[in-house]
Amino acid sequence: MENRATSARVDRSRHLHALLVELQGWDSRGGPRFRLLARAIARTVERGWFDPGARLPSERSLAAALHLSRGTAVAAYDLLVADGLLERRPGSGTFVVAPGVLALPTGREGSALVHRLVESSAGATAPQPTPDLIDLSISVLADAGPMPAFRLSSADLADVAAGTGYSPWGLPLLREQLAAQLTTWGVPTGSGQVVVTTGAQQAISLAAACWLRPGDTVVVEDPTYPGAIATFRQAGAQLVGVPVDHHGVQTGPLAEALAGRPALVYLQSTLHSPTGAVLSEHRRQQVAELVLQHRTPLVEDLALAGLAWGSTPAPIAARCGDEPVAVVGSLSKRFWGGLRVGWARAPETLALRLARVKATHDLGSSAVSQVVAQQLLARADAQQHHTQRAELRGRYDTLAAALRRHLPDWRWTEPEGGLSVWVQLPQPVAAQLAVAGLRHGVAVATAEELSPADAAHPDRIRLSFAPPPATLEEGVQRLAGAWEEIGPRSAG
Ligand SMILES: Cc1ncc(COP(=O)(O)O)c(C=O)c1O
């Protein structure tokens with residue numbers, strides 16, 4: 001049985017890992033290293049990463065994790081103590097005195113994945129995280145290159161998006177195109193049921209804003225998409241996780257969770273990230289029956305549905321009639337994340353609520369992006385879609401072959417599409433591997449970001465196969481280096 005001391009050690013190691021991800025790139029500028037480290041720690045405090053009174057890792061463990069002399073870590077803490085940001089309590093450690101002027105309530109700013117995205121888009125004004133980092137932690141298309149060609153002029157805008165261009169519902173033609181797509185997927189949809197959103201991420205936020213009050217319970221798959229976890233936590237919800245296997249969410253545990261009368265259930269039926277599973281027909285029927293029986297609002301995320309290697313099964317929503325189901329999706333995976341075009345599909349009365357809430361968020365998505373999206377949907381034919389999926393499947397094969405070659409003990413279930421694999425390590429050392437990976441120039445995602453539970457899946461990492469083949473090869477070699485570094489310890 002695991003004793004308290006062991007679990008406290010595991011907690012500390014996960015906490016230290018999360019802090020190290022925050023501190024990434026701390027030494028990418030010139031100057032004395034203790035000052036750079038102090039500045040980086042101060043930034044994490046100012047961002048509210050630590051609660052006031054929180055204890056920092058000891059100088060010894062921070063120094064070991066960052067491969068520094070202990071003196072450098074001590075000098076960095078000394079500086080922050082002198083600045084009044086930290087205090088030392090003899091015999092107990094070093095603690096945060098004040099959260100700083102920029103501090104926000106904790107838990108509002110997403111996981112390390114979100115922070116890495118924010119840092120990497122900060123441009124030349126901010127210290128960049130490791131410049132040649134191979135990021136296998138974020139499952140998004142690598143670039144806009146393979147998108148079909150489009151052409152845009154101000155005249156096109158005047159033709160298509162007449163008037164002010166503010167449109168909380170979205171442009172009519174795009175809504176029709178999206179409704180047609182949903183209809184071919186097996187859920188008959190009129191354009192009056194579609195709200196165009198700024199990515200599927202916003203569609204999830206709108207559903208949360210419509211349905212959730214602080215303290216409500218939301219049921220999610222465990223593991224799941226980290227952006228959904230962050231959104232529901234921001235809304236003040238408590239999360240309950242339900243396990244997933246290679247047929248999708250397990251319906252026995254789901255039934256138990258729904259019997260607790262949660263305010264919302266969020267599921268990825270086609271395709272599940274990070275496992276790449278597609279919910280079986282039998283389970284789709286069971287989930288629909290459970291949702292109808294308990295009358296639990298469902299958010300069904302189809303953001304990855306266009307990347308299924310096989311056919312796309314009808315969404316759960318198709319079996320739920322007029323029950324409150326919001327199906328959300330995106331053009332980010334079919335075309336490019338930078339478009340920031342997604343959608344929500346719901347019964348008309350709910351769609352109206354979503355459009356109203358959206359208006360309070362941003363008054364409407366960019367008409368320019370929507371016009372581009374219209375053209376892309378009109379031009380992308382079955383051949384383009386087939387080519388895209390074949391390319392991504394080839395990248396999966398490259399990643400899988402490189403893993404088998406360099407890390408033959410690692411295991412995973414082959415995905416049915418999508419952009420990532422959920423890899424099982426032979427030892428529960430995912431957090432240590434993630435930290436060592438950063439030192440070797442490769443980032444991976446762990447359950448720290450992907451699970452609603454604390455200390456879950458300590459033997460799992462998510463690897464994206466979206467980058468080009470050469471990057472995947474190099475990324476796996478770096479991971480093998482990181483594994484070798486921690487391997488003997490983990491095996492012992
Ligand atoms: C399952 C899932 N849902 C939603 C999103 C958000 O997508 P978007 O770029 O459309 O906001 C993502 C993006 O990675 C995703 O993987």
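The figures here come from the full heavy-atom set of this structure, side chains too, leaving out hydrogens, waters and symmetry mates. Just so you know, ligand 1 is whichever comes first in the structure, and atom 1 is the first atom listed for that ligand. The first residue in the sequence is number 1, and the count goes up from there. In this text, all values refer to a predicted model and were calculated from it rather than measured experimentally.
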Check your understanding: Strictly under 4.0 Å, does any heavy atom of Gln202 approach an atom of ligand 1?
Key ->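 Per 4.0 Å heavy-atom rule, Gln202 does not contact ligand 1.
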
Check your understanding: Judged by non-hydrogen atoms, does Arg340 sit under 4.0 Å from ligand 1?
Key ->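 Within the 4.0 Å threshold, so yes.
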
Review point. Taking all atoms of both residues into account, what is the closest heavy-atom pair of Leu212 and Ala263, and its distance?
Key: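 Minimum heavy-atom separation between Leu212 and Ala263: CD2-CB, 3.8 Å.
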
Point to revise | Which atom of Thr446 lies closest to which atom of Ala430, heavy atoms considered | key: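 Nearest heavy atoms, Thr446 then Ala430: CG2-O, 3.9 Å.
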
Per-atom contacts of ligand 1 with [X], taking only distances under 4.0 Å to non-hydrogen atoms:
| X | result |
| --- | --- |
| Gly199 | 8 (P), 10 (O), 11 (O) |
| Gln268 | 1 (C) |
| Ser330 | 8 (P), 10 (O) |
| Ser332 | 8 (P), 9 (O), 10 (O) |

**Study point:** Intermediate values then yes/no, side chain to side chain contact (heavy atoms under 4.5 Å, CB included), Trp336 and Leu376
**Key:** CA-CA 10 Å; Trp336 186 46; Leu376 291 173; over 6 Å; no

Check your understanding: Considering only the protein, which heavy-atom contact is closest to atom 2 (C) of ligand 1, and what is its distance?
Key ->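 Protein heavy atom at minimum distance: Asp301 OD2, 3.5 Å.
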
Review point. What part of Ala303, side chain, backbone, both or neither, has a heavy atom within less than 4.0 angstrom of ligand 1?
Key: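 It is the side chain that touches ligand 1; the backbone stays farther off.
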
Review point. Passes salt bridge (Lys or Arg N to Asp or Glu O under 4.0 Å), Asp397 versus Arg393? Steps please.
Key: CA-CA 6 Å; Asp397 289 339; Arg393 194 169 187 161; 5.3 Å; no

Donor-acceptor contacts, no H, no angles, side chain residues 239-246, under 3.5 Å, sequence neighbours left out:
{"from": "Asp245", "atom 1": "OD1", "to": "His247", "atom 2": "N", "distance (Å)": "2.8"}
{"from": "Asp245", "atom 1": "OD1", "to": "Arg283", "atom 2": "NH1", "distance (Å)": "2.8"}
{"from": "Asp245", "atom 1": "OD1", "to": "Arg283", "atom 2": "NH2", "distance (Å)": "3.4"}
{"from": "Asp245", "atom 1": "OD2", "to": "Arg283", "atom 2": "NH2", "distance (Å)": "3.0"}

Check your understanding: Any luck finding a side-chain donor-acceptor pair between Thr231 and Gln201 under 3.5 Å?
Key ->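 Indeed, the side chains of Thr231 and Gln201 share at least one donor-acceptor pair under 3.5 Å.
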
